[in-house]
Amino acid sequence: MGRSYEQLSLEDRCAIAQLSANGSSIRQIAAALDRAPSTISRELKRNGGAQVGYKPSYAQLQAKARRWKGSRLERDESLRAAVIERLASGWSPEQIAGRLRRERGRQVISYESIYRFVYAQLARTKDYSWRRCLPRGKSKRGCRGRKGGGSQNFIEGRVSLAERPVQASDRATCGHWEADLMMFAKYGQAILTVHERKSRLLLAVRLTNKVADGVARHLLKLFGSLPQPLRQTVTFDNGTEFARHHRLHSLAIDTFFCDPYAPWQKGGIENAIGRMRRFIPRKTDLATLSTRRFHQFMAIYNNTPRKCLDYRTPAESFAQVLHFECESTSRPSPGRRRCLSLHHHPNATSHSRDALRPSFARNSSPSPMRGRREDRVRAAPAVSCANCAK
């Protein structure tokens, strides 16, 4: 059975004062009153006067005044009005407490008291509009519980990001990618995006669903058109849509996964999706977005200068590496020999710089006569050297 505790009465305090005046120790007083020594020690420290010492009547008044009589904001109407006014203006409890301390030159109220006041109103009145006073708008404190195992437990052959090669982490070489889904408000609509870590190139394809088999099929199609040195690793989050990642091993691509609940570890693709939201917000209905318009948005992204690339565009950076990989092939194929003959032929004036760029890097503004045909083109752009592909 559990022990029951009682507050010290006035008679107990009189006994403490008498025994203390007679020179008894704290443990002797505790044994005489059948109390814990810590109770007697705390009583003497908290309720004793600095000048008059321990007096039973003074100690009783101190203990009574210290007892909680409700929240500070419930007792002080002017303070409550000032706090609620600032909460309605979008201030956080910490900002309110800090500002009041700065204005009045002393600690007025702690931000924890403000949080407790708001959550007490939620529990007492069941008026959930109070949660709008808080920065995150949560009706309960603390982290939300996660029932069951995480999705990473359903991914076979999952390899942690910690095992990814160093050259992939420092963006020193091309060929290391990040992949994620760009989700939308309408159920079932998503865009599969892949992002090259060094050049910041973004490729995307619209999906009909999030089934892992379909996602793997699109990834194989995207990476299959790239030279081997430009498809070395891919980093995913722990979504089950990437559960068929092992199919990429047929292309000699190593796959890695972020730690659970740490999508920031693939910050490149997260940043790219955030930039694409300027053109395709979350509330967009993909059924109303034409393929031509979708390609235009991708071209705008890939042809926008980036400070991290010394104000080159992702398309320019990737096209340079892509063309170098095509030129560095030791034994050219028949089509490759034709490409090289065009390079060295004195009359090959039509082999312009634009012809060497991959299709995602060219001007994507279609002419009105070609719009209907381009709407039938698949969403995944070609990523091979234009002349080497002939």
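Residues F294 and I280 are in side-chain contact: their nearest non-hydrogen atoms beyond the backbone lie under 4.5 Å apart. The closest side-chain heavy-atom distance from D237 to K266 is below 4.5 Å. In this structure, L8 and T39 have side chains that are in contact, with non-hydrogen atoms separated by less than 4.5 Å.
Taking a 6.0 Å sphere around CZ of R116, one finds it holds 12 or fewer heavy atoms contributed by other residues, nucleotides or ligands. Around CD of E103, the count of heavy atoms belonging to other residues, nucleotides or ligands within 6.0 Å exceeds 12. In the displayed structure, Q18 atom CD is contacted under 6.0 Å by at most 12 heavy atoms of other residues, nucleotides or ligands.
From N271, atom CG reaches atom CD of E178 across 10.0 Å, with rounding to the nearest 0.5 Å. Residue I109 holds its CD1 atom at 11.0 Å from CZ of R80, rounded to the nearest 0.5 Å. For the atom pair R27 CZ and S41 OG, the distance stands at 10.0 Å (nearest 0.5 Å). Here the straight-line distance linking atom OH of Y54 with atom CD of Q62 works out to 11.0 Å at 0.5 Å rounding. Here the CE atom belonging to M276 is positioned 9.5 Å from the CD1 atom belonging to I273, to the nearest 0.5 angstrom. Taking CD1 of I96 as the reference point, atom CZ of R101 lies at 13.0 Å (rounded to 0.5 Å).
Evaluated for a side-chain contact (heavy atoms from CB on, under 4.5 Å) with C174, the options L226, L322, V321 yield exactly one hit, V321. Under the side-chain contact (heavy atoms from CB on, under 4.5 Å) rule, I191 has a single partner from L207, L181, L286, V205, which is L286.
If you check the side chains of R86 and Q95, you find no donor sitting under 3.5 Å from an acceptor. No side-chain donor from either of S160 and E163 sits under 3.5 Å from a side-chain acceptor of the other. For the residue pair N22 and S24, no side-chain donor N or O sits within less than 3.5 Å of a side-chain acceptor on the partner. Side chain to side chain, N238 and R158 meet the donor-acceptor criterion of an N or O pair below 3.5 Å. Side-chain contact of S169 with R197: a donor-acceptor pair under 3.5 Å is absent, judged by distance alone.
No side-chain donor-acceptor contact under 3.5 Å links H218 to the backbone of R206.
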**Request:** Quick one: do D285 and T288 satisfy side chain to side chain donor-acceptor pair (under 3.5 Å)? Show the steps, please.
**Result:** CA-CA 6 Å; D285 184 1; T288 63; 4.9 Å; no
**Request:** Dump the intermediate steps for side-chain contact (heavy atoms from CB on, under 4.5 Å) on T233 and W177, then the final yes or no.
**Result:** CA-CA 6 Å; T233 68; W177 300 77; over 6 Å; no
**Request:** Test L222 against V194 for side-chain contact (heavy atoms from CB on, under 4.5 Å), laying out the working first.
**Result:** CA-CA 9 Å; L222 283 173; V194 291; 4.0 Å; yes
**Prompt:** Are H246 and R244 close enough, and set up right, to give a side-chain contact (heavy atoms from CB on, under 4.5 Å), and what steps lead you there?
**Reply:** CA-CA 5 Å; H246 50 80; R244 299 293 184 267; 4.1 Å; yes
**Worked check of side-chain contact (heavy atoms from CB on, under 4.5 Å) between R247 and L220** = CA-CA 8 Å; R247 294 186 182 179; L220 286 170; 4.3 Å; yes
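A cation-pi arrangement, defined by a distance under 6.0 Å to the six-membered ring centre and an angle within 45 degrees of its axis, is absent between R99 and Y111.
Following chains of ILVMFWY side-chain contacts shorter than 4.5 Å, one cannot reach L19 starting from Y58, and the two form parts of different hydrophobic clusters.
The pair R200-E196 does not count as a salt bridge, with every side-chain nitrogen at least 4.0 angstrom from each carboxylate oxygen. Ion pairing of R164 with D254 is absent here, as no side-chain N (NZ or NE/NH1/NH2) approaches a carboxylate O to less than 4.0 Å. The pair R124-E74 meets the salt-bridge criterion, since a charged nitrogen lies less than 4.0 angstrom from a carboxylate oxygen.
Taking the six-membered ring for Trp and thresholds of 30 and 60 degrees, Y115 and Y119 have nearly parallel ring planes, at less than 30 degrees apart. Ring geometry for F117 versus W130: interplanar angle over 60°, hence perpendicular rather than tilted (30 to 60°).
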